[in-house]
Number of protein chains: 2
Amino acid sequence: MPNEMRPAELDETDRGILRVLARDARTPNNAIAAAVGIAPSTCLGRIRALRERGIVHGHHTDIDLAALGLPLQAMIAVRLGAHTRGQVDSFLDHAAGLPGVISVFNLSGGNDFLLRVAASSADALRDFILDHITSHPGIQHTETSLIFTHRRGAAALSAL
Amino acid sequence: MPNEMRPAELDETDRGILRVLARDARTPNNAIAAAVGIAPSTCLGRIRALRERGIVHGHHTDIDLAALGLPLQAMIAVRLGAHTRGQVDSFLDHAAGLPGVISVFNLSGGNDFLLRVAASSADALRDFILDHITSHPGIQHTETSLIFTHRRGAAALSAL
DNA sequence: CGTGAAATTAATACTAC
DNA sequence: GTAGTATTAATTTCACG
């Protein structure tokens, strides 16, 4: 989600901290400090500043959804009839709050939205689409693809 | 990425721990313990077990890519000519390692892959596609959509 | 499994450079 | 901005219920 941020001046120390945090967000402050060669107290201030500057959004744990009873994942492409800001924002809010939704993208091009969802079964996925997506006002078309596999890239790391 | 996991028996305590970690992966162990009503030492063991059982994959920090000089994000749909396992795996490995790639999905349906990428500019995005995607052997078609906005859902939380 | 106590290690304010 | 130091708090191990 590109927002209001300018390129922001990050020195090599900040980059090092981010590199460590991107790989393991639970790394102790202590260990981060050692990894980048500064004192722990300094490191603490840096991390706090990175959060306050909005460069660090948060820290999330990747949980195996299959282990939680959601072994299926799908991408649902959604097209709206109209494209007023109201329609778009309304659907975005709606979709982000639905159970099983991992992420929602608002896109340019033929499809307006892409939803990544997790489901317990093919039936549950179908029900999800019928109950929460196609039933939403203004939806013109949906198209669902199963996600066979997912791989995490290293976008953040490659930019550091 | 649905893999080999069975629904896995998670009691209410495990679920509580995961709920806390999903929201803030840097929550201290003893705060998690207090939140779910167990001793810190017990909590530590639970968290370790959740990692060993593969239920927790890792902890990642969300970094603002715009602040890192990558203000643009796009979804690139990719279609292969053939669909042998070799072709698919080869592209998956290739794509996941490319700079700026946030995630790679292997899908059913018309498009074989979906790449979420971050770029510094429209030119950089075009270069990325020409240099790394369309130049890859076996690529039949690509289609790029800009990501205007992204919203994180609460899939994990809704399953806990 | 769960715990509580003990030892080690880390987080956090300060202070000062 | 950076670090040293003192205090408070958290992590970790382990013997035991």
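Labels below follow one simple rule: chain letters A, B, ... track the order of the sequence lines, proteins then strands, and each chain is numbered from 1.
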Pairing pattern in dot-bracket form [Watson-Crick, G-U; both distances under 3.5 Å; | = partner strand] for DNA chain C: .||||||||||||||||
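Look at CG on Asp11(A): it is 7 Å from P on dT2(D), rounded to the nearest Å. The distance between atom CD1 of Ile47(A) and atom C1' of dA13(C), rounded to the nearest whole Å, is 16 Å. Rounded to an integer number of Å, the gap from CG of Leu44(A) to P of dA9(D) is 15 Å. Taking atom CZ of Arg48(B) as the reference point, atom P of dA10(D) lies 18 Å away to the nearest angstrom.
Below 30°, between 30° and 60°, or above 60°: for Phe91(B) and His136(B) the angle between ring planes is above 60°, a perpendicular geometry.
For the pair Arg26(B) and dA10(C), the criterion of a side-chain N or O lying under 4.0 Å from OP1 or OP2 is not met.
Considering all non-hydrogen atoms of both residues, Thr144(B) and Ala74(B) come closest at CG2-CB, 3.9 Å. For Gln140(B) against Gly81(B), the heavy-atom pair with the smallest separation is NE2-CA, 3.6 Å. Residue Ile55(A) comes nearest to Ala67(B) through the heavy atom pair CG1-CB, 3.7 Å, listed as atom of the first residue, atom of the second, then distance. Taking all atoms of both residues into account, the shortest heavy-atom contact from Ala159(B) to Leu68(A) is CB-CD2, 3.9 Å. Summarising the geometry of Glu9(A) relative to Arg53(A), their closest heavy-atom pair is O-NH2, 2.8 Å, with the distance given to 0.1 Å.
In the set dT13(D), dC1(C), dT11(D), dC1(C) carries the atom at the smallest distance from any side-chain atom of Arg46(B).
Contacts with DNA chain D (heavy atom under 4.0 Å) in residues 29-40 of chain B: Asn29(B), Asn30(B), listed by number.
With sequence neighbours left out, the ring pair (Phe, Tyr, Trp, His ring centres under 6.0 Å) criterion links His60(A) to no other residue.
Side-chain atoms of Ser41(B) and base atoms of dG2(C) include no donor and acceptor less than 3.5 Å apart.
Screening Asp62(B), Asp64(B), Thr61(B) against His57(A) for a side chain to side chain donor-acceptor pair (under 3.5 Å) leaves a single residue, Asp64(B).
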